[in-house]
Amino acid sequence: MSAPLRIDVITIFPDYLAPLGLSLLGKAQREGLLEVQVHDLRDWTHDRHRTVDDSPYGGGAGMVMRPDPWGEALDAICGSRPGQTPHLIVPGPGGDPFTQEVATELATDAGWLVFACGRYEGIDERVYDEYRERYPLSVLSLGDYVLNGGEVAVLAMTEAIARLVPGVLGNEASLEEESHTGGLLEYPVYTKPPRWRDREVPPVLLSGHHGQIASWRHAQRIERTAARRPDLMQAYEGTSKD
Ligand code: ADE
């Protein structure tokens, strides 16, 4: 078996990451496919109040995370596996979009991810400058809205990445036709009963005709993507012209 995907998370709210121990990700950890370690940033402070933030130089609202605890935490964690290089990820609304493609790259290539969760108005910019020189570093955004910190984004990103690690899902075939695979949204799905509150399952799905079912599903993916995500549709049309 290949080495497990290793994920370290640095946060001032370690309890926020407790769900990483549940469900499929918990099982993946018990089975040795995934290793998750959550660290409290305040363990790298030295004052009585375990201070991690201060007011911004130049003025303005809110507080900024100080570089010194971050430097000590990142040195300790990123240096903890000799011979291995982590990919550092800082979730933030100003980052590159976190997409299925990015998730696939991180699940396939990285082997070791270190997530740094910012809070308040963000982390002192010198931390990015320092660690960008030493490690691959990505600032990644979940979407165009602002969360209170990186923790929820780490939950989402970790789930999206870890389920792509071979063995984690159990049924790898379910990856093949889900939303965003091949640039299209997923087709609608139905189960029993065949009639519910006067609503019928589309007859083609009961026909047993695999060819017709496959083309119906493909047409549904196209229709949905065009209706809901014209941006994805445009990209799909750009790549699928053969
Ligand atoms: N932290 C705050 N807002 C965020 C977002 N939209 N994506 C990722 N991390 C964030």
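Whatever order the structure lists them in is the order used to number ligands and atoms, beginning at 1. If you're wondering where the values come from, they're calculated on a predicted model, not measured in any experiment.
- In summary, the side chains of Asp75 and Tyr131 do present a donor paired with an acceptor at a separation below 3.5 Å, with no hydrogens or angles considered.
- The main-chain N or O of Asp47 is never found under 3.5 Å from a side-chain atom of Thr51 such that the two would form a donor-acceptor pair.
- Under a 4.5 Å side-chain heavy-atom cut-off, the cluster of Ile, Leu, Val, Met, Phe, Trp and Tyr residues that includes Ile213 is completed by Tyr190, Val201, Val204, Leu205, Leu206, Trp216.
- Using a 4.0 Å cut-off between a side-chain N of Lys or Arg and a carboxylate O of Asp or Glu, Glu130 and Arg134 qualify as a salt bridge.
- A donor-acceptor distance shorter than 3.5 angstrom exists from the side chain of Ser179 to the backbone of Glu186, with no hydrogens or angles considered.
- Under the 3.5 Å distance criterion, the side-chain polar atoms of Arg221 are matched with a main-chain donor or acceptor of Leu184.
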Extract all N/O-N/O pairs under 3.5 Å that connect ligand 1 to the protein, and present each with both atom names and the distance rounded to 0.1 Å.
unit_1: ligand 1; atom_1: 3 (N); unit_2: Leu147; atom_2: N; d: 3.0
unit_1: ligand 1; atom_1: 6 (N); unit_2: Gly143; atom_2: O; d: 3.2
unit_1: ligand 1; atom_1: 6 (N); unit_2: Tyr145; atom_2: O; d: 2.7
unit_1: ligand 1; atom_1: 7 (N); unit_2: Leu142; atom_2: N; d: 2.9
unit_1: ligand 1; atom_1: 9 (N); unit_2: Gly92; atom_2: N; d: 3.1

